[in-house]
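So the structure is just underneath, and the comments pick up after that.
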Amino acid sequence: FWQLGESCDCPHLDCVGEITKEELIQKSHGQCQDCKVGGPNLWACLENGCPYVGCGESHADHSTVHSQDTRHNLTVNLTTLRVWCYACGKEVFLERKLGPHSPHSNSKPLPLPQNVGLTGLKNIGNTCYMNAALQALSNCPPLTQFFVECGGLVRTDKKPALCKSYQKLVSDLWHKNRPSYVVPTNLFQGIKAINPMFRGYAQQDSQEFLRCLMDQLHEELKEQLPEPCDQSHSITMDDSPEEDNHSQSDNDFQSCESCGSSERAENEVQGGNALIDDTNEAEMLIPEQDEIQANREWQKEKNMINDLYRSGTNGITGGSTGVDIDKDVDTTTETTPIISSQGAIKVQGRASDCFPDIQMPNTTRPQSPVPMEGHIPKMSSSPPKAPCCTVFSNFSASVCFLTAVTTFSPPKNKRQKKYRSIISDVFDGTIVSSVQCLTCDRVSVTLENFQDISLPIPGKEDLAKLHSSTHQTSLVKAGSCGEAYAPQGWIAFVMEYIKSWFWGPVVTLQDCLAAFFARDELKGDNMYSCEKCKKLRNGVKFCKMQSLPEILCIHLKRFRHELMFSTKISTHVSFPLEGLDLQPFLAKDSSAQTTSYDLLSVICHHGTASNGHYIAYCRNDVNNLWYEFDDQSVTEVSEACVQNAEAYVLFYKKSNEDAVKERRRVSGLFNMMEPSLLQFYVSRQWLNKFKTFAEPGTISNDDFLCLHGGVPPNKATFIDDLVVMLPQNVWDHLYSRYGGGPAVNHLYVCHTCQTEIEKLEKRRKQELDMFVRLNKAFQEEESPVVIYCISMQWFREWEGFVKGKDNDPPGPIDNSKITVNKNGHLTLKQGADSGQISEETWNFLHSIYGGGPLLTVRPNISHQEVESSQSEEKIEVETRSV
């Protein structure tokens, strides 16, 4: 029966009678006693001896009328089991006690589950596809716990900030004082802004909505993964054993060999004694009456830029360029340039210059018997003292840009960046695809990441092939997944085949997986282009899983869209609620340890391809019961009801009992209240993985540490959102169990990173100011002798860098896409996306970034004048905002 909990402060609970949960469920199948409307969301009066059941606000609200007429204050929602007091005007929380008839009547009272996560979503115009997807995603604990417990990590400057809208929605859905339903207006507006397909009021596909939502969440929350520190770092990114000592920053911020110190380089120009200021300062320093003299000085400066550039291209090892570029080299940051056989500059430096030794102070912190999640970490203003020097590139005046690559070797792409987010952590897996040529037996292998798997629903003939022993043998030989049927005997297969003639084919989720991973013969119009044979050949393609995701999203391909019409496959696919085993579909060299999955939620579609309705069945992580989410309505259902559903999208989570036991051990260590001399900081994001993932992986503190072991300056203001402080005994246990790290018991703002940021800003400003000045002079030229072409694609990347939109400089200039070879001469491709710049501007940019090929046009040729004027307008538009 239901009784008042000790913590409740409602004075009207004395009048509550005894009623069992079974009686409430039985009443939920009834009708409003006044208007005879059925459920869901009927309300039952809890007054002792009152059997009244009435409708709620979605109808005539007879339950409220009954309360006003009879002064019965307490009522319970028969769908959500929420209790409301009309007199107090608030929700009342009860506790469930076992009755005296129970054999466990002496046990302690059990708290009634708060029914969190059982909030409906209002349909705002044919949006059942969105509501079902959001409810299914909301009941994935690793993702939901991230948005609830790691809310400080939800930061983005990208529009429409969908992650903020989703965070607010999840917070509302899982709040203990939840409303009966939530209206997801903000998130829906954000989705429509991203993808016009979801605008209007037409029915859409729930799976497409999921992909759009998760892709955008990944884009907004992604963080660049730290690169290994032992990679080579040269401007051309060649692999070289001499450069294993350098940190990642050496590649992005190359040292200015000629000028050494940026402060000195900013204040003087060797040999010319000319000041390079920004455009506004130049205008202020030059009076109108001295305009002629100013033009002469500017011409001298441009000539000096070209002279320095030309002398630099002849070789920059000797410094015999007419300018003393070796003067005032800072020996404390000494680096040795090495000219490779390709002509690229490589820089060597001492490892101690790039990796400062981080000293751990021998101070102690106050004891913390419980995890101090509310504690605001204190950071030192500077790191422990250690000799450290990070080299940067500083482009001051018209000298420093000479030190970059000046060879005309073919441009090389920038190193591909790798990113991660909570979306990729939870949903990403890897499939290894292999294609074998049946002529030369060559096998090509490809690794592909996936966030969901779209499985075909096999028909009768496909099922017969999958189950047949001959096909099974060939599959196993081909390295596919015939072993999925190894336990099944012929008798079971024959029985299923006979039943399929009367009740349709009996298709299981395992059948769909086997059909997806079965080998595919490449022949006829689908022949394989073999790189070894250099011809089209017959081949065999098969794939397996290399790594398994924490949550496996499975999409059943129920819809077929033809040119004029669409059809739906309504075949029932049976699926397990627990114990989905992916072991038969794993690659032999896979390192996956946990292969068993339990069902979290399933999205169902009722109706036809042109007209239907979406609902979701989800297992609540708090009480482990199944519920049906049908827009605003939330109803408890049985497991049998879920298994009979017409599944469209399924979410499975890894099941690992060892992870559950490990969490209990750590909880026990917290409760020991053992005195700790040291407190350790651990990533809040990793701790969330430990609480919710079956395989949290090694401890990773990279999300709040830089390469130098300190806190990046841009994260210092919200460091308390990134870390949790643990007692020493808890840290020791986690570290011995999972490894990783590094161990952190002292936080400080990284001085090295701060210096890098300041010098990077100087570099950006100097490049931008110089370009604006050179381009302004170019626009004022009435008849330039020669005009240089530059790829606008590369120029936009450079513009993003100097404006601070991108932290990494662009790669070498790449004009290959705007050129065409005519009779051995490179000319501008017709309609190419190119811009026009002056010779001085080209020399300036090419001296910094290298690349090519060089492409010029002569204004005195009539047919090129049109192209030149149009391209000048393009680059003028690009730079006007600067």
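Since we're looking at a predicted model, the values are computed, not measured.
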Result of checking Leu118, Leu121, Asn77, Asn620 against Val634 for side-chain contact (heavy atoms from CB on, under 4.5 Å): Leu118

So do Asp452 and Leu210 actually touch side chain to side chain, heavy atoms under 4.5 Å? no

On the 0 to 90° scale, with breaks at 30° and 60°, tag the Tyr166-Phe147 ring pair as parallel, tilted or perpendicular. perpendicular

Within the structure provided, determine whether Ser421 and Leu217 are in side-chain contact (heavy-atom separation under 4.5 Å). no

Give the intermediate values and the outcome of side chain to side chain contact (heavy atoms under 4.5 Å, CB included) for residues Arg684 and Asn688. CA-CA 6 Å; Arg684 186 180 295 270; Asn688 178 66; 6.0 Å; no

Could you give me the CA-CA distance, side-chain angles and deciding distance for His218 and Phe427, then say whether ring-ring contact (aromatic ring centres under 6.0 Å, His included) is met? CA-CA 11 Å; His218 173 74; Phe427 295 99; over 10 Å; no

Should Val649 and Ser206 count as side-chain neighbours, where that means a heavy-atom distance under 4.5 Å? no

So Leu600 and Pro141, do their side chains get closer than 4.5 Å, heavy atoms only? yes

Pairing of Glu578 and Arg619 as salt bridge, 4.0 angstrom limit: no

Mind checking whether Trp626 and Leu599 have side chains closer than 4.5 Å, heavy atoms only? yes

Before you tell me yes or no, could you show the steps for Trp686 and Tyr738 under ring-ring contact (aromatic ring centres under 6.0 Å, His included), namely the whole-Å CA-CA distance, both residues' side-chain angles and the distance that decides it to 0.1 Å? CA-CA 11 Å; Trp686 183 87; Tyr738 296 102; 5.5 Å; yes

I need the single residue from Ile194, Asn186, Ile191 that forms a side-chain contact (heavy atoms from CB on, under 4.5 Å) with Pro160. Which is it? Ile194

Salt bridge or not for Arg665 and Glu662, using N-O below 4.0 Å? yes

Answer yes when Glu149 and Lys691 have at least one side-chain N-carboxylate O distance shorter than 4.0 Å, and no when they do not. yes

With sequence neighbours excluded, residues passing salt bridge (charged side-chain N to carboxylate O under 4.0 Å, His left out) with Lys654: Glu695

Check ion pair Arg420-Asp425 (N to O, under 4.0 angstrom): yes

Excluding sequence neighbours, so at least two apart, what forms side chain to side chain donor-acceptor pair (under 3.5 Å) with Asp598? Ser655

In terms of ring plane angle, is the pair Tyr614 and Tyr648 parallel, tilted or perpendicular, where the classes change at 30° and 60°? tilted

